[in-house]
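The next block holds one structure in the form of structure tokens; read it before the comments.
Computed from a predicted structure; not experimentally measured. Remember, it's 1-based here, ligands and their atoms both numbered in the order they're listed. These values consider heavy atoms only, across backbone and side chains, with no hydrogens, waters or symmetry-generated copies.
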Amino acid sequence: MLRIAVFVSGRGSNLRAILDSPKLKDLVTVEVVISDKVNCPAFEIAEEFSIDTYYLSRKEGSIQYSDLIKYLRSIDIGFIVLAGFLKMIPAELIQVFKNRIINIHPALLPSFGGKGMYGMNVHRAVFNSSAAFSGATVHLVNEVYDAGEIIAQRSVDITDLNSAEQIAERVLKLEHELLPDVLEQIALKKIYFDNIETKSIHLIDKTDLISNVKK
Ligand code: GRF
């Protein structure tokens, strides 16, 4: 069983997708849901599923990640999933969980990523770019926003859509499929991260980003 911690800042629909996924039932357990927002709706989902929650409170103005690391170790967390977590992950946490932190991003990275590219900002940028496709990306987390190795992507045609909101809705459906699929592959050890320097990652459905522009 892969014991994961899910980091969230908002509504938690990807958290729910993990918890509801039949394919993950015997493979993955969400041990704790962690947030920097004390009242985030995702905490209510955690409570609904009787999962522990951990609020990243601030001491003297900043989050004490060393306390969090101790806690994650104490409950034997093997993997971290960022599902709508808006804070930058500090180097000390990345080092402890090297190649064991993934993030889901609501666009086809490396396009439409980086600082400030979250939520509707992403979908508005995609809409304004005249891209023919958008999609979802799962990637490893490193010290730079949205710049870790891409593990998997899934794309969707958006040429028939007329607003950023419609793109967001279509992409979210993809996210809810892609994230459980990737977690299944990780739990089954079909994706390995330890030898990432030697490119031993198995890519699932990695999208060709060339020609992603409406004609
Ligand atoms: C998702 O679009 C995810 O890709 C992004 O933040 C959003 C979180 O949505 N990182 P939710 O909280 O899972 O509903």
Side-chain angles (χ1 to χ4, degrees), residues 4-21 24 28 30 32-49 51 53-56 79-89 93-94 101-127 129 131 133-156 158 161 163-184 186 204-207 209:
I4 68 170
V6 180
F7 285 49
V8 291
S9 295
R11 113 196 109 177
S13 69
N14 279 286
L15 168 68
R16 190 181 284 284
I18 294 170
L19 293 168
D20 280 344
S21 169
L24 298 182
V28 170
V30 179
V32 62
V33 174
I34 294 171
S35 184
D36 57 318
K37 301 264 175 4
V38 73
N39 290 319
C40 78
F43 270 172
E44 287 165 29
I45 298 174
E47 276 156 32
E48 189 186 318
F49 283 81
I51 296 166
T53 56
Y54 184 108
Y55 167 55
L56 291 165
F79 218 88
I80 291 174
V81 176
L82 309 185
F85 185 65
L86 294 178
K87 285 254 169 321
M88 186 84 184
I89 295 292
L93 186 57
I94 291 171
I101 309 178
I102 58 172
N103 178 48
I104 181 145
H105 184 79
L108 295 172
L109 292 175
S111 303
F112 310 109
K115 198 164 166 47
M117 277 296 188
Y118 60 87
M120 285 309 296
N121 294 352
V122 177
H123 302 297
R124 272 192 286 270
V126 171
F127 183 66
S129 76
F133 291 88
S134 192
T137 302
V138 175
H139 64 94
L140 282 173
V141 171
N142 64 17
E143 285 87 348
V144 183
Y145 270 120
D146 300 327
E149 187 86 16
I150 291 171
I151 300 165
Q153 293 186 306
R154 212 158 277 170
S155 62
V156 65
I158 54 168
L161 302 183
S163 70
E165 287 72 20
Q166 289 176 341
I167 296 173
E169 196 182 324
R170 192 167 284 177
V171 167
L172 194 63
K173 284 202 187 102
L174 271 192
E175 293 183 45
H176 295 164
E177 296 163 8
L178 184 63
L179 188 55
D181 284 355
V182 170
L183 279 170
E184 181 190 30
I186 291 168
I204 314 166
D205 191 19
K206 190 173 177 180
T207 307
L209 297 171

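One finds the CG atom of Leu178 at 9.5 Å from the CG atom of Leu183 (value rounded to the nearest 0.5 Å).
The shortest side-chain heavy-atom distance between Leu93 and Phe7 falls under the 4.5 Å cut-off. You'll find the side chain of Arg11 reaches within 4.5 Å of the side chain of Leu172, heavy atoms only.
Atom 12 (O) of ligand 1 has its closest protein heavy atom at Gly12 N, 2.7 Å. Regarding atom 9 (O) of ligand 1, its nearest protein heavy-atom neighbour is Arg11 NH2, 3.3 Å. When only non-hydrogen protein atoms are considered, atom 6 (O) of ligand 1 lies nearest to Gly84 CA, 3.3 Å.
Here Glu175 has side-chain heavy atoms under 4.0 Å from ligand 1, and that is the only part of it that gets that close.
Near Ser13, meaning under 4.0 Å from any of its heavy atoms, are these atoms of ligand 1: 11 (P), 12 (O), 13 (O), 14 (O).
By the 3.5 Å distance cut-off applied to N or O atoms, Ile104 is counted among the residues near ligand 1. Taking only nitrogen or oxygen atoms, main chain and side chain alike, Leu172 does not reach within less than 3.5 Å of ligand 1.
Donor-acceptor pairing under 3.5 Å is recorded for the side chains of Ser13 and His176.
Heavy atoms of Val8 stay at 4.0 angstrom or farther from ligand 1.
A salt bridge is absent between Glu175 and Arg154; no separation between the charged side-chain nitrogens and carboxylate oxygens falls under 4.0 Å.
Annotation: Tyr118, atom OH; neighbour count of heavy atoms from other residues, nucleotides and ligands within 6.0 Å does not exceed 12.
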